[in-house]
Amino acid sequence: MRVAITGKPGSGKTTACLKIYESLKDRMQISGFITKEIRERGLRIGFSIIDLSTGEETLLARKGEGFPRVGKYRVFVENMDAVAERIQKSWSTSDIVIIDEVGPMELKSREFVSAMERLLESKTDLIVTVHYRSNHPLVMKIKKEFEVVILTPENRNQVVEEVLKRIDS
Ligand SMILES: Nc1ncnc2c1ncn2[C@@H]1O[C@H](COP(=O)(O)OP(=O)(O)OP(=O)(O)O)[C@@H](O)[C@H]1O
């Protein structure tokens with residue numbers, strides 16, 4: 001079962017991944033990560049990665065100086081490398097891997113790109129979120145090979161139910 005969830009910013013991709021994770025975590029071995037916003041006084045100042053197998057939180061990007069950059073944010077590539085290494089260690093013993101997201105910040109890490117390439121070559125069940133308009137080769141490959149679901153505020157609850165049904169069947 002391989003599903004790629006895409007949709008406009010704010011359409012509910014991260015929330016959908018969290019709902020799927022919450023429904024499955026007590027009966028399945030899940031690995032992967034969620035990318036979540038870091039907010040300060042209501043303003044977005046960066047992004048962190050939450051490892052789904054350990055709950056560990058790692059800084060991915062923060063507003064400010066430094067390289068590499070994606071827009072206003074400096075990306076902490078070495079942190080993403082460490083996340084990718086943990087995925088490489090855990091996916092072979094997982095029932096399902098959830099990756100939120102294969103996005104421009106995460107893709108700055110070569111370790112992550114190679115972890116994703118290996119995952120795609122494997123038979124592991126995968127749920128990934130991808131950037132709406134990305135044309136990165138890895139994202140193009142995912143869009144071509146996976147069942148692609150475009151999330152909207154109208155269909156997002158139904159999509160979660162359908163993905164869960166597919167996993168159970
Ligand atoms: N099923 C839902 N029911 C109610 N609120 C939701 C639901 N899904 C998402 N939201 C709300 O919509 C907002 C955006 O959701 P979320 O962060 O999951 O979107 P996203 O597509 O991952 O965004 P981004 O593209 O910025 O990563 C959040 O405030 C979230 O609480």
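Note that this is a predicted model, so its numbers are computed, not measured. Start at 1 and go down the list; that is how both ligands and their atoms are numbered. Worth knowing before you read on, the calculation uses all heavy atoms, side chains too, and leaves out hydrogens, waters and symmetry mates.
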Undergrad: With a 4.0 Å cut-off, strictly under, does atom 16 (P) of ligand 1 pick up any protein heavy atom?
TA: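 Neighbour list for atom 16 (P) of ligand 1 includes protein heavy atoms (cut-off 4.0 Å).
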Undergrad: Could you say whether the N/O atoms of G12 and ligand 1 ever approach to under 3.5 Å?
TA: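 Min N/O separation from ligand 1 is below 3.5 Å for G12.
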Undergrad: Measure the distance from atom 4 (C) of ligand 1 to every protein heavy atom, then report the residue, atom name and distance (to 0.1 Å) of the closest one.
TA: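 For atom 4 (C) of ligand 1, the nearest protein heavy atom is R156 NH2, 3.8 Å.
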Undergrad: Salt bridge check: are E162 and R166 linked by an N-O gap of less than 4.0 Å?
TA: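 Looking at E162 and R166, the cut-off is not met.
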Undergrad: Could you tell me whether the side chains of Q29 and T93 share a donor-acceptor contact shorter than 3.5 Å?
TA: no
Undergrad: Check this for me: does any side-chain nitrogen of one of K141 and E117 sit under 4.0 Å from a carboxylate oxygen of the other?
TA: no
Undergrad: Are any of the N/O atoms in G10 less than 3.5 Å from those in ligand 1?
TA: yes
Undergrad: Between the side chains of T129 and D100, is a donor N or O closer than 3.5 angstrom to an acceptor N or O?
TA: yes
Undergrad: Are K19 and ligand 1 in contact, using a heavy-atom cut-off of under 4.0 Å?
TA: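 So K19 counts as touching ligand 1.
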Undergrad: Treating K13 as the side-chain partner and G7 as the backbone partner, does any N or O pair qualify as donor plus acceptor under 3.5 Å?
TA: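 Such a contact is found between K13 side chain and G7 backbone.
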Undergrad: For S11 and ligand 1, does the shortest N/O to N/O distance drop below 3.5 Å?
TA: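 Yes, at least one N or O pair falls under 3.5 Å.
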Undergrad: How far is atom 30 (C) of ligand 1 from the closest protein heavy atom, and which atom is that?
TA: T15 OG1, 3.8 Å
Undergrad: Under 4.0 Å from atom 28 (C) of ligand 1, can you find at least one protein heavy atom?
TA: no
Undergrad: Please work out, at 4.0 Å between heavy atoms, whether the side chain, the backbone, both, or neither of T35 comes within that distance of ligand 1.
TA: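 No part of T35 comes within reach of ligand 1.
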Undergrad: Do S48 and E57 get their side chains close enough for a donor-acceptor pair, meaning under 3.5 Å?
TA: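 There is such a pair (donor and acceptor under 3.5 Å, judged by atom type) between the side chains of S48 and E57.
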Undergrad: What atoms of ligand 1 come closer than 4.0 angstrom to any heavy atom of T14?
TA: 18 (O), 20 (P), 22 (O)
Undergrad: Using a plain distance cutoff, I'd like to know if K13 has any nitrogen or oxygen under 3.5 Å from a nitrogen or oxygen of ligand 1.
TA: yes
Undergrad: Quick one: does G7 get a heavy atom under 4.0 Å from ligand 1?
TA: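 The answer is no: ligand 1 sits nowhere under 4.0 Å from a heavy atom of G7.
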Undergrad: Please list, in number order, the atoms of ligand 1 under 4.0 Å from a heavy atom of P9.
TA: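 Once the distances to P9 are compared, the set is 25 (O).
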Undergrad: With ring centroids as reference points, do F112 and F33 lie under 6.0 angstrom apart?
TA: yes
Undergrad: Answer yes when R27 and D168 have at least one side-chain N-carboxylate O distance shorter than 4.0 Å, and no when they do not.
TA: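 Here R27 pairs with D168 in a salt bridge, since their nearest N and O are under 4.0 Å apart.
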Undergrad: Given 3.5 Å as the limit, does a donor-acceptor pair link the side chain of R62 with the main chain of L59, or not?
TA: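 Not at all, since once roles are kept as given, no pair shorter than 3.5 Å links the two residues.
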Undergrad: Regarding ligand 1, does N157 bring an N or O atom to under 3.5 Å of one of the ligand's N or O atoms?
TA: yes
